[in-house]
Amino acid sequence: PDMAAGHIAMGLYWQQGTPDWLSAGESISTALQLNPGNAQVQMEYARINCNLNRPKKAISAAHKARELDPISVYAHHLTGHVHYFARQYPEAISALRGALELDPEYPKPHYFIACSLYWMGDTEAALHEIEQEPLAWMNQYASSVILHRLGRLEEAQACFDTLVEMGKQEPNFIQQAAVHAQWGNADEAIICLKQAVAVGDPGLTQLLIDPFKDPLRDDPRYNEILEEIGLL
């Protein structure tokens, strides 16, 4: 009962499938009480509070994790991650660049930097950045949105078609929903989110915080989905 790693494992377990956020939060909070000097514990505390839209707690824990393990690429990435979802884009970019300095091949930082630039209005720079992202699904997902904003609609559609094709191998309904939301296709976005719920997509954990879903937040169907997965 006094092993923090066991409580972290339980916290992760409670976040799978249809998450039990209360139990997950209790497990990770117990781990933090037992071992606050452990970087992984701080990172998991940051991550769950980020997902539950508690940015101050998430950012504080992420910074603590980075202080505890300054050569951890993931700690730098996670710091950028929580700043991104707190809509603090310059701070996100700074932390994510730090992750890439430690490991230039690390996946995901280029995606989050590109998205940060997108929300800051520097769409051309966002496109240049996403071209460097090694994860193909992230590349095609963000490119669909960025190219669409640039008015390059045929290229955007081609990227989205590739994303859909990838989804036949590994479901990516969350990302498809986000593209539809950004393109103004609310009905299609909701259909994709319902499919994500049906397959237990882990990306559902970010529905409270993902800026790409903002066009759906006043849609009662979106709130119904949040209630179904315990985030509302």
Shortest non-hydrogen contact from [X] to [Y]?
| X | Y | result |
| --- | --- | --- |
| I93 | S116 | CG1-CB, 3.7 Å |
| P104 | H110 | O-NE2, 4.4 Å |
| R217 | D210 | NH2-O, 2.7 Å |
| Y106 | P109 | O-CD, 3.3 Å |
| A46 | V82 | O-CG1, 4.1 Å |
| H7 | A31 | CB-CB, 3.9 Å |

I'd like to know if the side chain of [X] reaches the main chain of [Y], judged simply by a donor and an acceptor atom lying under 3.5 Å from each other, with no hydrogens or angles considered.
| X | Y | result |
| --- | --- | --- |
| S60 | K56 | no |
| H76 | P70 | yes |
| N139 | I130 | yes |
| T162 | A158 | yes |
| T205 | P202 | yes |
| N185 | E188 | no |

Within the structure provided, determine whether [X] and [Y] are in side-chain contact (heavy-atom separation under 4.5 Å).
| X | Y | value |
| --- | --- | --- |
| L193 | L216 | yes |
| E124 | L117 | no |
| L100 | I113 | yes |
| L22 | D20 | yes |
| F85 | P211 | yes |
| L231 | L204 | no |
| S27 | W14 | yes |
| Q42 | L68 | yes |

Partner residues of K168 under the side-chain hydrogen bond (donor to acceptor under 3.5 Å, both in side chains) criterion, sequence neighbours left out: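 Expected list: E165.
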Heavy atoms from other residues, nucleotides or ligands near NZ of K64 exceed 12 (cutoff 6.0 Å):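 Incorrect, the count does not exceed 12.
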Whether over 12 other heavy atoms sit under 6.0 Å from E227 CD: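 Yes, enclosed.
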Rounded to the nearest 0.5 Å, how far does [atom2] of [Y] lie from [atom1] of [X]?
| X | Y | atom1 | atom2 | value |
| --- | --- | --- | --- | --- |
| H77 | K108 | NE2 | NZ | 5.5 Å |
| S72 | L102 | OG | CG | 8.5 Å |
| M10 | L12 | CE | CG | 10.0 Å |
| I190 | H180 | CD1 | NE2 | 11.5 Å |
| I225 | L232 | CD1 | CG | 11.5 Å |
| N38 | I8 | CG | CD1 | 7.5 Å |

Pair I59-Q88, side chain to side chain contact (heavy atoms under 4.5 Å, CB included): steps then yes or no: CA-CA 10 Å; I59 291 168; Q88 298 175 0; 3.5 Å; yes
Intermediate values then yes/no, side chain to side chain contact (heavy atoms under 4.5 Å, CB included), L150 and E155: CA-CA 10 Å; L150 288 170; E155 293 171 83; over 6 Å; no
Is [Y] reachable from [X] through a run of hydrophobic residues whose side-chain heavy atoms are each under 4.5 Å from the next?
| X | Y | answer |
| --- | --- | --- |
| V164 | F212 | yes |
| I209 | Y89 | yes |
| Y222 | F173 | no |
| V179 | L153 | no |
| I191 | V199 | no |

Derivation of the side chain to side chain contact (heavy atoms under 4.5 Å, CB included) call for L163 and Q175: CA-CA 8 Å; L163 181 70; Q175 289 73 35; 4.1 Å; yes
Verdict with reasoning, Y118 to Q182, per side chain to side chain contact (heavy atoms under 4.5 Å, CB included): CA-CA 12 Å; Y118 174 84; Q182 289 299 306; 3.4 Å; yes
Aromatic ring pairing Y84/F112, orientation class (parallel under 30°, perpendicular over 60°, tilted between):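 Plane angle over 60°, so perpendicular.
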Mutual orientation of the aromatic rings belonging to W183 and H148 [parallel < 30°, tilted 30-60°, perpendicular > 60°]: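 Because their plane-to-plane angle is under 30°, the rings of W183 and H148 count as parallel.
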Donor-acceptor side-chain pairing of D161 and Q157 below 3.5 angstrom: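 Side-chain D/A pair, D161 to Q157: present.
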Q176 and N172: side chain donor to acceptor below 3.5 Å: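 Yes, side-chain donor-acceptor contact under 3.5 Å.
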Residues E224, R221: salt bridge by 4.0 Å N-O rule: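 No, E224 and R221 are not salt-bridged.
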Where at least one partner belongs to residues 38-71, residue pairs that pass ring pair (Phe, Tyr, Trp, His ring centres under 6.0 Å), sequence neighbours excluded: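 Pairs touching residues 38-71 that pass the test: H63-H83.
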